[in-house]
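What's counted below: heavy atoms across the whole structure, side chains too, no hydrogens, waters or symmetry copies.
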Amino acid sequence: MGLLTFATNVTLDGCCDHRAVAPNDEVFRYWTRLMHGAGGMLWGRKVYELMEDYWPAVARDPKAPRLQRDWARKLDAQVKYVVSARRRDFTWSNTRRVTGPLAAAVAALKRRTPRGLLAGSPTLSKELDRLGLVDEYLLVIHPVVAGHGPYLFLDWRASRLRLVETKRFESGVVALRYRRASTVRRPSR
């Protein structure tokens, strides 16, 4: 069974608005490697539509910066699972709608995806956290104070987490990966 990782960019003051930060080349390479290693992306409708409106065009644009084009092409090829009660048709390649009761559907996805899933939607991830389905939290913290929201982790339930990985970038960005205490894998003896 793969892990479900809630992964997002965030500012020092907890803002998770995608317009508040602009990943540099080093951070783009990090996200591209991370996504390439995952078995799929899991998004809510709003984040899916934000991504769908931008990245497919970048994948086809020969004038787009190379690293953004690499990300966009890998994202285009990646399996994308979308939770939406409103939208049923998806034209972006490799997109599948999650159907049925959320807890059962996502638990089944985790079982079928040994390389794990990256969830990038704060609202959906809050619900997945409430259901006990989020195994990891990957916060890529940018040295920016946005001074506005939306803010991460408002009204989430309390969780005890363990730091399992840190990565420092030359730009001052820091990636912190935490796991729920119950999902931390201990080395075998």
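The structure places OG1 of T8 at 6.5 Å from CG of L152, a figure rounded to the nearest 0.5 Å. Annotation: the span from R45 atom CZ to T123 atom OG1 amounts to 10.5 Å, rounded to 0.5 Å.
Side chain of S84 to backbone of R86: a donor-acceptor contact under 3.5 angstrom is found. The main-chain N or O of C15 is found under 3.5 Å from a side-chain atom of T11 such that the two form a donor-acceptor pair. In this structure, the side chain of R162 does not engage the main chain of R179 through any donor-acceptor pair within 3.5 Å.
Contact of the V82 side chain with the F90 side chain is registered, since non-hydrogen atoms from C-beta on lie closer than 4.5 Å. A 4.5 Å side-chain heavy-atom check between L42 and L118 finds every atom pair outside the cut-off. Side chains of L131 and L102 form a contact here, defined as non-hydrogen atoms less than 4.5 Å apart. Considering only heavy atoms from C-beta on, L176 stays 4.5 Å or farther from L138 through its side chain. Using a 4.5 Å heavy-atom threshold, the side chains of L128 and V106 count as touching. Using a 4.5 Å heavy-atom threshold, the side chains of R97 and D89 count as separate.
Both L124 and F6 are members of a single hydrophobic cluster when ILVMFWY side chains are connected at heavy-atom separations under 4.5 Å.
With hydrogens and angles left out, the side-chain atoms of Y137 and R180 include a donor and acceptor closer than 3.5 Å. Counted by atom type alone, D70 and T32 present zero donor-acceptor pairs between their side chains at under 3.5 Å. Looking at D13 and Y151, their side chains never bring a donor and an acceptor atom within 3.5 Å of each other.
Aromatic ring pairs are classed by plane angle as parallel below 30°, tilted from 30° to 60° and perpendicular above 60°; the pair W92 and W43 is parallel. Aromatic ring pairs are classed by plane angle as parallel below 30°, tilted from 30° to 60° and perpendicular above 60°; the pair F28 and W55 is perpendicular.
In this structure, D135 pairs ionically with K110, as a charged nitrogen and a carboxylate oxygen lie closer than 4.0 Å. No salt bridge links R29 with E26; every basic N to acidic carboxylate O contact stays at or beyond 4.0 Å. The residues K63 and D61 are annotated as not salt-bridged, no charged nitrogen and carboxylate oxygen being separated by less than 4.0 angstrom. Under a 4.0 Å N-O distance rule, the pair R87/E49 qualifies as a salt bridge.
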| query | Step by step, would you call F169 with V27 a side-chain contact (heavy atoms from CB on, under 4.5 Å)? | reply | CA-CA 7 Å; F169 297 89; V27 175; 4.1 Å; yes
| request: Would you please test L75 and M51 for side-chain contact (heavy atoms from CB on, under 4.5 Å) and show each step? | output: CA-CA 9 Å; L75 184 57; M51 303 296 266; 3.9 Å; yes
| field | side-chain contact (heavy atoms from CB on, under 4.5 Å) evaluation trace for H142 with V10 | value | CA-CA 6 Å; H142 294 256; V10 64; over 6 Å; no
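Other residues, nucleotides and ligands contribute over 12 non-hydrogen atoms within 6.0 Å of the NZ atom of K167. For H148, the NE2 atom sits in a packed shell: over 12 heavy atoms of surrounding residues, nucleotides or ligands are nearer than 6.0 Å.
Partners of W31 according to the side-chain hydrogen bond (donor to acceptor under 3.5 Å, both in side chains) rule, which considers only residues two or more places apart in sequence or in another chain, are N9.
In this structure, W71 has its ring center at least 6.0 angstrom away from the ring center of Y30.
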